[in-house]
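One structure is given here, and the rest of the page talks about it.
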Amino acid sequence: MSTETIEAIVDRLSHKEGPLLPILHAIQAQQGFIPSDAVGLIGKKLNLSRAEVHGVVSFYHDFKTESGGVNTVQICRAEACQSVGSELLEEHAKASLKLDWGETSDDGQITLEPVYCLGNCACSPSVRINDDIYAKVDAARFDELVTQIRKNN
Amino acid sequence: MTKIYIPQDTVSCALGADAIAVALADANKSVDVEIVRNGSRGLFWLEPLVEVEHNGKRIAIGEFSGSDVTSLLDAVSTGKFESLKGYLGDIEQHDYMRDQDRLTFARAGIADPLCIDSYRALNGFKGLERALALSPQAIVDEVREAGLRGRGGAAFPTGIKWQTVLDTSLEAPEIQKYIVCNADEGDSGTFADRLVMEADPYQLIEGMVIAGLAVGATRGYIYLRSEYPKAHRLLDAAIERAEQANYLGADILGSGKCFDLEVRLGAGAYICGEETSLLNSLEGKRGVVRAKPPLPAIEGFLGKPTVVNNVLTLAAVSSILCDGADAYKNFGMGRSRGTLAFQLAGNIKRGGLVELAFGTTLRELVEGYGGGTHSGKPMRAIQVGGPLGAYLPESQWDTPLDYESFAAIKAMVGHGGIVVFDDTVDMSKQARFAMEFCAVESCGKCTPCRIGSVRGVEVIDKIRTGTEPDNNMVLLKDLCDTMEFGSLCAMGGMTPFPVRSAIEHFADDFSKK
Ligand SMILES: Cc1cc2nc3c(=O)[nH]c(=O)nc-3n(C[C@H](O)[C@H](O)[C@H](O)COP(=O)(O)O)c2cc1C
Ligand code: SF4
C-alpha cells in the first residue's frame, strides 16, 4: 500500500469525531491488514504516537498486522453453537484444512479464525465466510462451502 | 398482482433466501407476482419463511427451498396453498406468533425494512411527531412514567439517565451532547438488536431522534459490532433515506430541530459492549473500561454528556411516545415494566424471538414456545443472560422472568438471551469456557479479571483431570470471590456466576472425571 493511498484514506476520514477506527477499517478493507508503515503515518497525521496507534491495532481482534488468506472462514465458538456441537465442527475444520486458529492454507485461499457469536443463535452452528453467514453447518456442509470457495478462485 | 415475501435478514440468507429469490424471479414467466424482500418475523427455525399475500392474509410456507418454487407459483395461480410442503396458513395466527405481546417487534417481517411508506403506514414516526410537539422535560417524563429500564443488561431506568443528561444544560446550555446506541450485541444467544436493525431500522432511528430531542443532543452514533455486515448495510441505507425524507438532518420535519446520525463499526471485542469501553472505542482508543464516576451521562463521548442506550431501549421509546406511557406500563410485573424480547437459542426445536410482558417463566418459554430441545434429548441446563449469566438447573425453571426475581437467585435476565443445553452437556467444560472467554475478552485493566481468568482455566483443567480435585475446588471458589469483588466491571465481576452455578447445581460433572 503506497504512502499516498494511506494518506488519502486518513485525509478523507480525519474530520470525523474519533477517526481512528474508521481509518483502520478502511485500510484493512483495502489491504487486508494494517501495514506497519501505516501505523507511523496515521500517528503523524492524527498527532498520536506510533505506540498509541499500535496499541489500538493490537487491542481489537479484527485488525491484522500481516496479510491473511483470500477468504476468512470464521467458526462460532460461543455457547449457543456449543450446545449443538460446534466443537465437533471446529475439530473437523482444523483437521480437514490442516490449520489451527489464525493460520492460512498453503494455497493462500483460507484463513481460519474463531469468532464469538454471529447473532444466528437459533440456527446454530454458524460459520461466516467473508461477509456471508451460513446456518446449521455440519461437517458435510462445511466441506461443501470450502469446496465452493476453492472453485470460485 | 400477488405479492410474495422472501426475508432478507441474516438468518434467512444464511439458509438460502437469496437463492430462492433469484430462483423465483427466474421461474416466474407467466404468473403476475411481485417479490418483496421483507425482514424476518423472528420464527427462525422456520426460515426461509416465504409468505404470499392472499385474500388479505399472509399465507406462510416454512423451510422453503429453491426446489419448491414451481409448486408455489402453481399455487399462486390456483389460489390453493394447503397442499404445499411446509404450509403454515395465516402466519399471524401461528401459535408462536398469536399470543406474543409484540410492541417493539410489531412491524418485524411485515414489509421491506427500507420502505419508509410502509413504516409510516404501520404507525411509524408517530412517536417522533408527538415528541416534536412536546418539551424536552415532557418527553423525559413520559419515558420515566413508562417505567422503561435499559434492555442492554444492567436494567437502569432510562428516564433517570435521560434526566441527568438533560439537566447538564442547566450549567452548560450550549454544550454538545450525544446519543450513542449500543449495538454491540455480543452475548451468545441474542439476536433481538440485530432483528430490529434488519427488519425495522427506522424504529431505531426514530427512537434516537426522540432521545436527541429529549436531552438536547444533536448528534448520534450507532456503535455496531462488525459481526453484523447485513445490519450495517441496512442501517446505512435507512439513514440515507431518513435524511432524504427529513426525519434526520438539519431541519427535522420542518421543526428547525436537527439530528445527525452515523453508524460506527466495532472491531470484534466483546468488552466494547460495556458502555465506557464502547465510548473509548468510539473515540478511537483501546476499548479499555473507564472507572465511574464520571458517569457517561455527564462526561461521555469526548468528555461530553452522552446517553448510551441499547438498541431495544431506544426502539421501545418509539412505541412509548406513539402509544403513551400507560399503554407500555400496563405490560409487565413489579418493577419490570413493558415487554422483553426473549431469544430462544442453542439446542432448541423452535428457536426464535418471543416478545412477551415480563413475568412469564423459563419453562413456559422453552417448553411452550421452544418445544424442547432440537436433539430430542432431555433439557439439562439453561444459560440466561449471555456469557456472564448463570446456568440454571430444572429446579429454577419456574422462576418468573423479571429483573428482581432473577437477581434473587443470583441469575440475570440481561439482554434476554436463553441458551438451552441437552443432557449431553458437560458443565465443567461450560465453566471452563466461561473463564476462557473472560481471558480472551478481558480489557486487561484489572488483575483479577485479566490474570484470574487464565488461572481459572488452569484450575478447572486440574479439577477435570482429577489433580487434587478437592484442594483445587477450594482454590476455584476463592478465585471466583476475588474476581467478583476485585473487578472494575461485570466482565471480571460476573464471570464467576456461570462458573459457580455450574459447580453448585451440576457438581457431578466436576467429580466423575
Ligand atoms: C462486559 C459487558 C458487556 C456488555 N455488552 C453490552 C452489549 O453488547 N449491548 C448493550 O446494549 N449493553 C451491553 N452492556 C451494558 C452496557 O454497559 C450498558 O449498561 C448499556 O449499554 C446501557 O444501555 P441501556 O440502559 O439501554 O441498557 C455490557 C456490559 C458489560 C459489563
Ligand atoms: S473486569 Fe475485566 S473487562 Fe472489566 S475493567 Fe477489569 S479487566 Fe477490564
Quiz item: Is there a donor in the side chain of B:S281 and an acceptor in the side chain of A:Y60, or the other way round, less than 3.5 Å apart?
Solution: yes

Quiz prompt | Side-chain touch B:Y270/A:C117, heavy atoms, less than 4.5 angstrom | solution = no

Quiz item: Tell me, side chain or backbone of A:D131 under 4.5 Å from chain B's heavy atoms, or both, or neither?
Solution: both

Practice problem: Go through B:Q383, B:H374, B:E185 and name the one with the most non-hydrogen pairs under 4.5 angstrom from chain A. | Solution: B:Q383

Exercise. Flag the one option from B:S375, B:G417, B:G386, B:S226 with the top tally of heavy-atom pairs under 4.5 Å to chain A.
Key: B:S226

Quiz item: Of all heavy-atom pairs between A:C121 and B:A345, which one has the smallest distance, and what is that distance?
Solution: O-CB, 3.2 Å

Practice problem: Search all heavy atoms of B:I271 against all heavy atoms of A:F59 and return the closest pair with its distance. | Solution: CG2-CZ, 3.9 Å

Quiz item: If you count the non-hydrogen atoms of other residues, nucleotides and ligands that lie under 6.0 Å from CG in A:D100, is the total more than 12?
Solution: yes

Quiz item: When heavy-atom pairs shorter than 4.5 Å are enumerated against chain B, which of A:L46, A:L24, A:V84, A:V53 gives the highest number?
Solution: A:V84

Quiz item: Which pair of heavy atoms, one from A:C123 and one from B:L15, lies closest together, and at what distance?
Solution: SG-CD1, 4.1 Å

Quiz item: Highest number of heavy-atom pairs under 4.5 Å with chain A: which of B:A269, B:C13, B:P387, B:A434?
Solution: B:P387

Quiz item: Within a strict 4.5 Å, meaning less than it, do heavy atoms of the B:E436 and A:R77 side chains meet?
Solution: yes

Exercise. Tell me, for B:V420 versus chain A, whether the close heavy atoms (under 4.5 Å) come from the side chain, the backbone, both or neither.
Key: backbone

Self-check item: Straight-line distance of A:K16 NZ to B:L282 CG, nearest 0.5 Å
Solution: 11.0 Å

Exercise. Please state whether the side chain, the backbone, both or neither of A:V115 comes within less than 4.5 Å of a heavy atom of chain B.
Key: side chain

Quiz prompt | Contact class of B:C443 relative to chain A, heavy atoms under 4.5 angstrom | solution = both

Quiz item: Can you name the nearest heavy-atom pair linking B:E227 to A:I133, along with the distance?
Solution: O-CD1, 3.9 Å

Quiz prompt | Option that, when pairs with chain A are counted at under 4.5 Å, heavy atom only, ranks first among B:E262, B:R350, B:K230 | solution = B:E262

Quiz item: Between the main-chain N or O of B:V11 and the side-chain N or O of A:N120, is there a donor-acceptor pair closer than 3.5 Å?
Solution: no

Exercise. With salt bridge (Lys or Arg N to Asp or Glu O under 4.0 Å) as the test, would you mind laying out the steps for B:R219 and A:E17 before giving the verdict?
Key: CA-CA 11 Å; B:R219 264 183 231 166; A:E17 297 178 305; 2.6 Å; yes

Quiz item: Under 3.5 Å, side chain of B:S188 to main-chain N/O of A:A80, donor-acceptor pair present?
Solution: yes

Exercise. Give the minimum heavy-atom separation between B:L265 and A:L21, together with the two atoms involved.
Key: O-CD2, 3.9 Å

Quiz item: Taking everything shown except B:K349 itself, do over 12 heavy atoms lie less than 6.0 Å from its NZ?
Solution: no

Exercise. Assess whether atom NE2 of A:H54 is packed by more than 12 heavy atoms of other residues, nucleotides or ligands within 6.0 Å.
Key: no

Quiz item: Is the number of heavy atoms from other residues, nucleotides or ligands under 6.0 Å of A:N47 CG greater than 12?
Solution: no

Self-check item: pair B:D187-A:E79: side-chain heavy atoms closer than 4.5 Å
Solution: no

Quiz item: Any idea which of A:L118, A:V137, A:V57 has the most non-hydrogen atom pairs under 4.5 angstrom with chain B?
Solution: A:L118

Practice problem: Please report the shortest heavy-atom distance between B:A267 and A:H25, naming the atom on each side. | Solution: CB-NE2, 4.0 Å

Quiz prompt | Any side-chain heavy-atom pair of A:Y116 and B:V440 under 4.5 Å | solution = yes

Quiz item: Does B:K429 come within less than 4.0 Å of A:E87, counting only side-chain N to carboxylate O?
Solution: yes

Quiz prompt | Top contributor to chain A interface from B:R286, B:E441, B:Q343 [non-hydrogen pairs under 4.5 Å] | solution = B:R286

Quiz item: Out of B:R225, B:R264, B:E47, which one racks up the most heavy-atom pairs below 4.5 Å with chain A?
Solution: B:R264

Practice problem: Would you mind checking which part of B:L195 comes under 4.5 Å of any heavy atom in chain A, side chain (CB onward), backbone (N, CA, C, O), both or neither? | Solution: neither

